[in-house]
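Structure first, commentary second.
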There are 2 protein chains.
Amino acid sequence: MSKRKNSADSRNDILDAAQRVVAREGAANLTLDAVAKESGFSKGGLLYNFPSKEALIQGMLQRLIDNVEPQMNEYRDSLAGQPNPTLRAIIECIRCEAVIDRNISMAILAAGAQNPQLLDPLRQRYDQHYKDILQETDDPDLSLLLWAAADGLMFMSLLDMTPFPAEDAERLMQRLRHMASTRHEKSVIIDNIVS
Amino acid sequence: MSKRKNSADSRNDILDAAQRVVAREGAANLTLDAVAKESGFSKGGLLYNFPSKEALIQGMLQRLIDNVEPQMNEYRDSLAGQPNPTLRAIIECIRCEAVIDRNISMAILAAGAQNPQLLDPLRQRYDQHYKDILQETDDPDLSLLLWAAADGLMFMSLLDMTPFPAEDAERLMQRLRHMASTRHEKSVIIDNIVS
DNA sequence: GTTAGTTTACCGACCAGATGGTACAGTAAA
DNA sequence: TTTACTGTACCATCTGGTCGGTAAACTAAC
């Protein structure tokens with residue numbers, strides 16, 4: 001009966017429990033008591049590791065980010081030298097739903113609605129992505145639009161509002177991927193192919 | 001001291017008050033008491049008009065939709081005969097932020113996170129947009145991607161995560177608009193301009 | 001046209017449950 | 001001795017929602 005764990009393990013166990021709760025019962029039922037029960041910790045132990053509910057949610061978001069990061073880097077590194085590696089890595093991550101459980105993302109979104117600064121870590125990521133994408137592209141605006149499109153598809157899926165079947169979404173993602181992998185000499189190219 | 005108003009007026013007054021509350025104090029503070037106070041109604045009167053908080057939020061969403069609809073139709077009608085009228089109307093609505101107050105949308109989003117079926121009216125709209133866009137386009141996938149991109153930009157702005165300045169966003173929207181207004185003979189056109 | 005009954009629209013006190021958080025005494029491993 | 005908890009009791013507050021009451025407005029009978 002080893003009581004002692006190191007604190008990092010405990011925190012991870014708690015975050016796991018929180019994710020299970022939210023995945024099973026939805027964002028509305030993410031309460032300290034529920035997480036305590038699910039994790040096996042006492043409420044005191046929970047609040048010892050995360051001094052507030054807000055801290056817990058911050059922890060969830062941070063871990064989510066930390067989990068996606070290596071996967072993204074892997075993609076990006078494998079595309080080094082080719083066009084738009086970061087953009088394509090983002091698209092790929094969204095495509096294979098590295099974005100984890102819908103409920104978890106929704107819970108974080110809901111929390112963000114109540115306390116906007118909770119999303120700051122995400123904002124930082126977006127900022128970094130923005131800079132990387134710009135630096136790698138021949139056609140900044142097109143790349144940003146492709147990014148926005150991928151993001152839009154992700155949000156639709158997140159909110160369960162995608163009006164088309166999964167295979168269509170898949171095809172769209174492939175086309176995005178394809179568009180991101182071609183080089184363009186100038187912004188204007190696309191705009192010129194008018195009938 | 002006419003006590004009697006017709007119910008529709010009361011409901012509208014209450015929805016106005018709810019919007020003011022949420023715009024001023026954020027989604028977290030959208031409580032029945034706050035809305036009652038802001039609207040001048042008693043809590044009982046409020047709950048007479050909206051039998052539950054959920055009903056109130058549904059009302060807010062519905063009115064939001066009802067307000068944007070005529071504006072969209074106007075745009076669309078003015079583009080009749082030209083390519084992609086619906087898509088372009090959507091883009092235009094997003095561009096000039098017909099999407100109303102950020103806080104209001106966030107409140108609805110937050111509510112949707114807790115009770116997903118609350119977003120059903122929105123889903124219906126998306127479904128209709130989807131059908132309309134498909135029917136009007138020469139290049140279904142491209143149109144859907146442009147739609148997704150516009151949506152992505154909207155969500156970024158909604159969550160206050162747009163990493164680029166407003167003028168860049170404006171330029172992106174213009175490009176979207178432009179891309180939506182050109183005819184394409186085949187999907188492949190775009191894909192072919194590879195270096 | 002007055003009276004009586006019914007409905008509509010609203011008031012405001014009260015309530016029950018949930019929830020985040022505290023306090024604190026104890027305990028066991030490192 | 002410090003760290004990392006357990007466990008319980010407790011609490012203040014908030015919040016959605018109920019409920020009995022009430023006055024104006026509408027309806028209908030006389």
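As a basis for the values below, the full set of heavy atoms in this structure was taken, side chains included, without hydrogen atoms, waters or symmetry mates. Letters A, B, ... mirror the listed sequences (proteins, then strands); counts begin at 1. If you're wondering where the values come from, they're calculated on a predicted model, not measured in any experiment.
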For the side chain of A:N49, counting heavy atoms from C-beta on, which of D:dT6, D:dC5, C:dG20 is nearest?
D:dC5

Side chain of A:S42, heavy atoms from C-beta onward: which of D:dG7, C:dG21, C:dC10 has the nearest atom to it?
D:dG7

Can you check the B:L47 CG to D:dT15 C1' distance for me, whole Å?
11 Å

For A:Y48 and C:dA23, what is the distance between atoms OH and P respectively, to the nearest whole Å?
17 Å

What's the CZ-P distance between B:F41 and D:dT22, to the nearest Å?
21 Å

Contact under 4.0 Å: B:S10 side-chain N or O vs C:dC10 OP1/OP2
yes

Could you tell me whether the side chains of A:Q62 and A:D66 share a donor-acceptor contact shorter than 3.5 Å?
yes

Taken to the nearest whole Å, CG/B:D33 to P/C:dG12 is 13 Å

Has the side chain of A:K43 got a donor or acceptor atom sitting under 3.5 Å from an opposite partner on the base of C:dG20?
yes

Qualifying residues under side-chain contact (heavy atoms from CB on, under 4.5 Å), relative to A:L118, sequence neighbours excluded:
A:E54, A:I57, A:Q58, A:A111, A:N115

A:D132 and A:Q128 side chains, donor-acceptor separation under 3.5 Å
yes

The criterion is side-chain contact (heavy atoms from CB on, under 4.5 Å); which residues satisfy it with A:A55, sequence neighbours excluded?
A:F50, A:P51, A:S52

Can you run down the side chain to side chain donor-acceptor pair (under 3.5 Å) pairs that involve residues 152-165 of chain B, sequence neighbours left out, and say none if there aren't any?
B:R102-B:D160

For residues 147-154 of chain A, run the donor-acceptor check on the side chains, cut-off 3.5 Å, and write out each pair with its distance to 0.1 Å, sequence neighbours left out.
from, atom 1, to, atom 2, distance (Å)
A:D151, OD1, A:Y126, OH, 3.3
A:D151, OD2, A:Y126, OH, 2.7

Quick one: side-chain contact (heavy atoms from CB on, under 4.5 Å) partners of B:N49, sequence neighbours excluded?
B:S7, B:S10, B:R11, B:I14, B:F41

Whole angstroms only, please: what is the CZ-P distance between A:F50 and D:dA4?
14 Å

Could you check which residues of residues 52-61 of chain A get a heavy atom under 4.0 Å from DNA chain D? Sort them by number, please.
none

Could you state the CG-P distance from A:L32 to C:dT19, rounded to the nearest angstrom?
10 Å

Return the value, rounded to whole Å, for the distance between atom NZ of B:K37 and atom C1' of D:dC14.
15 Å

In whole angstrom, give the distance that lies between atom CG of B:L46 and atom P of C:dC11.
10 Å

Of A:P51 and A:N29, the one whose nearest nucleotide on DNA chain C sits closer to the 5' end is A:N29

